[in-house]
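Worksheet: one structure, shown below.
Because only heavy atoms are used, hydrogens play no part in the values below, and waters and symmetry mates are left out as well, while side chains stay in. All of these numbers come straight from a predicted model, not from anything done at the bench. Start at 1 with the first residue, then count along the sequence.
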Amino acid sequence: MTTHNATPAGWYADPQGTPHLLRWWDGAQWTQHTHPGQPGQAAQQPAAGPPPEKIQRQVQQQAGLGTSTPQGGGTLFTEPVLVVNQKAKLIELTNEYSVFDQHGRTIGSVVQVGQSTLKKVARFVSSFDQFMTHRLEIRDAHGQPHLVMTRPAKFMKSKVLVTRPDGQPVGEIHQQNVIGKINFAIMAQGQQVGAIKAENWRAWNFAIVDHTDREIARITKTWEGLAKTMFTTADNYVLQIHQQLPEPLLSLVVATALTVDTALKQDARGFG
């Protein structure tokens, strides 16, 4: 494809000629973001998700949010409620999530990128991959990346680096402890601007507070049933943002819905 400024943003055949690879054109230039596929495939179109009724039940019954929850602007950063559903897989080699609004409309996705064959093998045969570096992209409903989260290789405590797709730093999320109820510090420009506090030892529900310790958001893990919890790797969360937040706090709060899962992923499946 010959690109020029009139070409709309989207996924196109890699200009470097790599087979079976699409690259994101942002409307002005090629970016570093790639996606497996063939030219002509609508890579930006999300895969079919669960029915809206299931999402609404997840929000209203399992997360305890009523129908009076305010309406949002239809994007990852303007909705007061984000429903994060991990794709159910018996064998999990990559992290894949779909993000919905409270009515079940797809508004984004999270995709793990940069997975080498060695890392996938390690994930298949052991839990060693939890000590490796992980990188995820938060994409909007059209597949365009908005945030990149990198969790460097860890031994005990996790640290997650949050950047824009062009590499501009947004902030960091630091795990504070490994015993008891897990807490994270939300950092921006070297200052703590908030915290994520687990409410039970299994780290299934979190309160997100600002620098004054006032709750500004909440993450609730929703129950998918005993069989699904035991035999698949699907994790499902509802993120409720209580008020309009300034940047970079807003982006960091949105990132936490994925950060807690990536940072605390365990092999053992528990029930609370």
Side-chain angles (χ1 to χ4, degrees), residues 21 31-36 84 86-87 89-97 99 109-139 145-198 201-204 206 208 219 221 232-235 237 239 248 251-270:
L21 187 70
T31 71
Q32 63 178 332
H33 305 290
T34 59
H35 188 289
V84 184
Q86 186 175 19
K87 183 178 179 181
K89 293 170 285 186
L90 291 176
I91 300 175
E92 181 187 36
L93 297 181
T94 58
N95 291 324
E96 296 180 35
Y97 305 82
V99 185
S109 63
V110 179
V111 179
Q112 187 165 3
V113 295
Q115 280 277 81
S116 66
T117 301
L118 177 61
K119 189 179 293 185
K120 290 182 179 180
V121 170
R123 190 165 197 161
F124 178 73
V125 302
S126 72
S127 60
F128 182 74
D129 81 299
Q130 67 179 302
F131 304 111
M132 297 179 177
T133 297
H134 293 275
R135 189 169 181 266
L136 301 100
E137 291 182 347
I138 298 181
R139 301 172 177 174
H146 285 262
L147 292 173
V148 177
M149 298 185 302
T150 303
R151 196 210 69 186
K154 70 160 188 172
F155 176 63
M156 295 292 287
K157 297 179 181 179
S158 289
K159 178 174 71 173
V160 177
L161 311 178
V162 183
T163 65
R164 303 295 178 192
D166 62 3
Q168 179 184 356
V170 176
E172 300 181 0
I173 301 170
H174 294 190
Q175 184 176 344
Q176 300 291 89
N177 61 307
V178 294
I179 299 175
K181 298 178 181 179
I182 302 299
N183 292 327
F184 294 82
I186 303 175
M187 310 293 295
Q189 297 181 338
Q191 301 292 322
Q192 183 168 346
V193 296
I196 312 166
K197 299 183 177 182
W201 73 275
R202 286 295 304 177
W204 276 10
F206 292 84
I208 304 176
I219 298 173
K221 182 171 182 177
T232 76
T233 57
D235 282 320
Y237 299 88
L239 170 65
S251 291
L252 291 169
V253 167
V254 170
T256 61
L258 289 309
T259 299
V260 292
D261 185 59
T262 302
L264 297 179
K265 198 71 176 178
Q266 299 178 20
D267 290 325
R269 307 292 297 187

Distance-only, no hydrogens or angles: does the [X] side chain make a donor-acceptor pair with backbone N or O of [Y] under 3.5 Å?
X      : Y      : result
Thr150 : Arg135 : no
Gln175 : Ser158 : yes
Asn177 : Asn183 : yes

Those residues that, when tested against Ser109, pass side chain to side chain donor-acceptor pair (under 3.5 Å) (two or more places apart):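 In terms of side chain to side chain donor-acceptor pair (under 3.5 Å), with neighbours along the sequence ignored, Ser109 is linked to no residue.
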message: The criterion is side chain to side chain donor-acceptor pair (under 3.5 Å); which residues satisfy it with Lys159, sequence neighbours excluded?
response: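 With sequence neighbours excluded, Lys159 shows a side chain to side chain donor-acceptor pair (under 3.5 Å) to no residue whatsoever.
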Ignoring hydrogens, what is the shortest heavy-atom contact between [X] and [Y]? Give both atom names and the distance.
X      : Y      : value
Pro145 : Pro165 : O-CG, 3.3 Å
Ala198 : Lys181 : O-CB, 3.7 Å
Ile182 : Phe206 : O-CE2, 4.2 Å
Ile219 : Leu239 : CG1-CD1, 3.7 Å

field: Beyond-backbone contact of Arg164 with Ser251, side-chain heavy atoms, under 4.5 angstrom
entry: yes
field: Side chains of Thr256 and Ile208 in contact at under 4.5 Å (non-hydrogen atoms)
entry: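 They are in contact (side-chain heavy atoms under 4.5 Å apart), so the answer is yes.
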How many angstroms lie between [atom1] in [X] and [atom2] in [Y], if you round to the nearest 0.5 Å?
X      : Y      : atom1 : atom2 : answer
Gln112 : Met149 : CD    : CE    : 10.0 Å
Gln192 : Ile186 : CD    : CD1   : 8.0 Å
Leu252 : Met187 : CG    : CE    : 10.5 Å
His174 : Phe184 : NE2   : CZ    : 11.0 Å

- request: Would you please test Val170 and Leu147 for side-chain contact (heavy atoms from CB on, under 4.5 Å) and show each step?
  value: CA-CA 9 Å; Val170 176; Leu147 292 173; 4.1 Å; yes
